[in-house]
Each structure stands twice: as structure tokens, then as C-alpha cells.
Amino acid sequence: MSENLPTLSRPLLKCNLLVAALLLFAVTASNAQRGRKPKPPGVASEIQITPYKTTMIANGKDQALISIKIIDSKGDDVANADIKTTLHLLGDARIVNVMDAGNFNDILHTDSTWQVNIHGSCRLILQTGRTLGKIKLSATADSLYTGSTEIHTVQPGIAHVVTGDKYTPQRVTDKIVGADISFLPQREAFGMKFTDNGAQGDPIEMMKAHGFNYIRLRVFVNPENPKGYSPKQGFCDLAHTEAMAKRIKAAGMKFLLDFHYSDYWADPQQQNKPAAWAGEDFVTLKKSLHDYTVSVMQALKDQGTTPDMVQVGNEINHGMVWPEGAINNLDSLAQLIYEGVKGVKAVSPGTAIMLHIALGGQNDEARFFLDNMKARNVPFDVIGLSYYPKWHGTLTDLKNNMADLAKRYPQQVMVAEYSQLKREVNDIAFNVPHDKAVGSFIWEPIGSWEGIFDADYKNKEFKANDFLNVVYPEIAKKYVK
């Protein structure tokens, strides 16, 4: 999510954005939740932790580089900051070096805390133990928002293939300037209107007119459940997805469907099994996932809105449908992904399959995931990456990672989620080497941070801004033929 927001868990950030929209607050969700006024630009506001691995081998030797920076309320580095910081470490791991913060041997520490003076930024090396589970690292300092990260430790085991069939990745010929606008029905249900230079209209049509050619929609299994994404109302269920898909196709745009395989947000911090599948043995669980995929795809096909591309899971570098499909259960995870792939292809053989991992700048971890899926012969067509600088590193990290993945694997590579640095991200996404570029999808640009519409909650209006009127037409003109 956005580098400009205080550190919260990713699902909580998304939930807060939703609450803000529904209550029509004219403040960001994170500031409402925290109750603090942003500090002025250039003043230290937050500790940012960026891990270069969030999946590590529990062998007592695996190491990960972690970057720690002091940033201001805009997300910019505060290079002249001098902050006394406490690092808190939980789980079977140890810090074996801290760089750019004085002599490592002089740093005061216990088994779980380290006292570090951070001069703008520092880097540390984390080494795993031999216990499977999670490692949690956080950094605290007086008056600053806390930075944190979570790392899953695994033991890969011997790979077993999900199929003996040989699969040649399908090529996506489109150059995609896309957006996930799954919040739109909720915005409209609360009476929000959309205008461009004073003229009211359908935001999908406006986006098409300004260079967008693809829309992504997430779908949950039963979001209306009490613990689901949208209790009682059921936003982002199949019915809402069907209605949105009709609008997308009517606008002459293409459609990416994002299966969350959950009743709630699915991302690296949580991949909760749908309530309807609870208690099922693994054979039944696989059938439930397959049959659900088929039913959604068939319903969309029957109304003439077959998805052009499908994500089998959302940000699945830590797995999906936990606990059976957790990243430590790589064979089971591969089997669940394969059931989703088979479900999509049973209805629409021509629909492209994306595997979406939240690892824009984490090359080692991206290779770990993809190598393990390759070893298990999981068929798919596109590698999708999330890129939010706070969690996924620098633009150089993104560029180098995409270039390496394009060289190593037969699949094409794209940015499946991003928000800020719009021109820069697209310049990288559309210039992946080896003719492997596909494009990008911006996440929820309607009424969220750095959105393509400015929110006027008092008058219930979203007004098109320069991102929609200038930036995206320029990107489309430059890269979409």
C-alpha cells in the first residue's frame, strides 16, 4: 500500500480505506485510526522497514537483508535524522549484523531487543533458526510510527508435480493500462457521483476515454458473512462482480478477475479459508476450490463477460487457503493452485492465468516461489508483482527483479498492483526485457490515496484530476499501440 501512510497491516489499511469511503470522512483512513496530525514534510514521522525476504528457510543458516529508514509524513527519506530506536525480534531468528549504525559489537542488546542509533537509515542481516513459523521484527522510537515486518520460515521438502502434462505459457498480446476499481459499487451505493471538468458520467467510461483499457475486480467467496469483507451487504460477491463485468465490457474494456479464495481480504498476512470450506479434508477442499472457480467463471461466461485474465489467488507468496495451502506446504499449495487453473480452463481455455506475488523488489523470494511452482509443474501464463515502495524496495529493485524474472522464466511479467510513482512504475513495467512486458494495474485509484479523482465528500463528488486527465493519457499514448 501507500508509502505515505503510517505503518499498519495491509488488510487493516484496506479496511480503513473502505470505512473512510462508507462514512464519507474527508481524512485518510490511517490518520482517522491513529488520531494524529501529520508532521510537516522533512520532519521524522515514521520508521520504515523493508525486508528483502519474507519467506526464509528454517535451516539455521538462511539470511535476509532488511532496510530500515526514517521517513517523513510524505514517505520521503529524512537523511539527517538521528533517532534512538529499539528493534524488537520475536521468533526463532537472530540479528547477525547491523550496518551503518556504528560498531555492531558495541550495540546494546538482549535476546529479543536491540538499541540502535539510526542516522537516517541502516541495514541489518537476519538469520533464521530451525523452527517453522513466523518471525516478527518491529522498530520503535519516541513519537514515531512503528515499523514492522513478518517473515515466514519454511522447509521446502521434495517437490511432487501436480501434472505430467507439458504446458507452454499462453502469450498475452495486450499492452495493459489497467486499474482495480472494485470499491466502485460501494462508492456509488453511498451516492457518490463522478465528474470530469464538471460533466457527470460513468467513471469506467471516463477511464476508457483517458487511456485505461483493462479493469481488475476482486471476488470473495461469501463476503456477506459476519466475518466477511462486507457483512450482510455482500460487496465483491459474484452478483456485484457480474454487474461490474457488464459495465466493463460495455465500455469496450478487458477484464481481469482476481480470486481471493476467502470471505475476506487475502494477502501475505492472511489467507483465511472461506467459512463454507471449514473442516473439509484436503480432497474435498480441492474439489470445493475447483467447483467454486468453475461456477464463477461459468456465470460470467453465460452473461457474455468471460474474464480475459484470471488471478488464481491474491498475493500468494505466503500461500493461500491457510493452513493447507500455506507456503510451508508447497505441494499442497501447488495442488490448490492447479485446481484453480483447471477450473478456469474448463470454462475458458483462452483465458490467461496470472500468479500474483507481492514481491516487487524481492528477487530472491520471488525466485524461491516461482522455482517451487516450476518444480511442481504448475501451469500459468503471467507473473504478477505488487509494488509498494514501503514493502517492496526501490524502483531499481523493481526494475532489476522484473528483468531477472523475465530472463529466468518463460512467462511474461507485469505489475499487478501499485499506487504511487505512476510514471516511473509504468516506465519499468512496459520496458521489461526479452519482449516480456505486459503492463500494470493501479490499485483502487477511485477515491483512495493518489487517486485519479479528488474526493469532495461534502458534495458527494469525485472530481477527475491531472492523474486521469494528464498522466494516464500520456502513459497510454507512450506504451499502448
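From a predicted model like this one, the values you see are computed outputs, not experimental measurements. Atoms considered below: every heavy atom in the structure, side chains included; atoms not considered: hydrogens, waters and symmetry mates.
In this structure, N117 and A101 approach most closely via the heavy-atom pair O-CB, 3.7 Å. A pairwise comparison of heavy atoms in A416 and M354 identifies CB-SD, 3.9 Å as the closest pair. Scanning both residues, D180 and P445, for their nearest heavy atoms gives O-CD, 3.3 Å.
In terms of the salt bridge (charged side-chain N to carboxylate O under 4.0 Å, His left out) criterion, D263 has no residue partners (sequence neighbours excluded). Among residues two or more places apart in sequence or in another chain, the ring-ring contact (aromatic ring centres under 6.0 Å, His included) test is passed with Y387 by none.
One side chain, Y479 or D427, offers a donor N or O that lies under 3.5 Å from an acceptor on the other. Inspection of the Y409 and D371 side chains reveals an N or O donor paired with an N or O acceptor under 3.5 Å. H392 and S386 form no side-chain donor-acceptor contact under 3.5 Å, judged by distance and modelled atom types alone. At a cut-off of 3.5 Å, with distance as the only test, a side-chain donor of Y388 or E417 sits close to an acceptor on the other residue. Between the side chains of H210 and D196, at least one donor N or O lies within less than 3.5 Å of an accepting N or O. When only modelled atom types and interatomic distance are considered, N426 and S440 share a side-chain donor-acceptor pair under 3.5 Å.
Counting heavy-atom neighbours within 6.0 Å of D142 CG, excluding the residue itself, gives a total of 12 or less. Surrounding NZ of K53 are more than 12 heavy atoms belonging to other residues, nucleotides or ligands, all under 6.0 Å away. More than 12 heavy-atom neighbours from other residues, nucleotides or ligands sit within 6.0 angstrom of NZ on K175. Within a 6.0 Å radius of NZ in K273, other residues, nucleotides and ligands contribute more than 12 heavy atoms.
The side-chain tip of K422 points at the ring of F467 from less than 6.0 angstrom away and within 45° of straight on.
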(request) Begin from the C-alpha positions of R376 and N372 and carry the test side chain to side chain contact (heavy atoms under 4.5 Å, CB included) through to its verdict. (result) CA-CA 6 Å; R376 289 161 175 82; N372 275 284; 2.9 Å; yes
Step-by-step side chain to side chain contact (heavy atoms under 4.5 Å, CB included) determination, M207 to I446: CA-CA 10 Å; M207 293 174 70; I446 292 182; 4.2 Å; yes
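Between R218 and D258, no side-chain nitrogen of the basic residue sits less than 4.0 Å from a carboxylate oxygen of the acidic one, so the salt-bridge criterion is not met. Using a 4.0 Å cut-off between charged nitrogen and carboxylate oxygen, R130 and D92 do not count as a salt-bridge pair.
Atom CE of M99 is separated from atom OG of S67 by 9.5 Å, given to the nearest 0.5 angstrom. Put simply, CG on L184 and CD on Q186 are 9.5 Å apart, with the number rounded to the nearest 0.5 Å. For the atom pair OG (S45) and CG (D76), the distance works out to 11.5 Å, reported to the nearest 0.5 Å.
The aromatic rings of F194 and F453 lie perpendicular to each other, with more than 60° between the two planes, well past the 30° mark.
Each of H152, H318, K134, Q362 was evaluated against T54; a single residue qualifies, H318, per the side-chain hydrogen bond (donor to acceptor under 3.5 Å, both in side chains) test.
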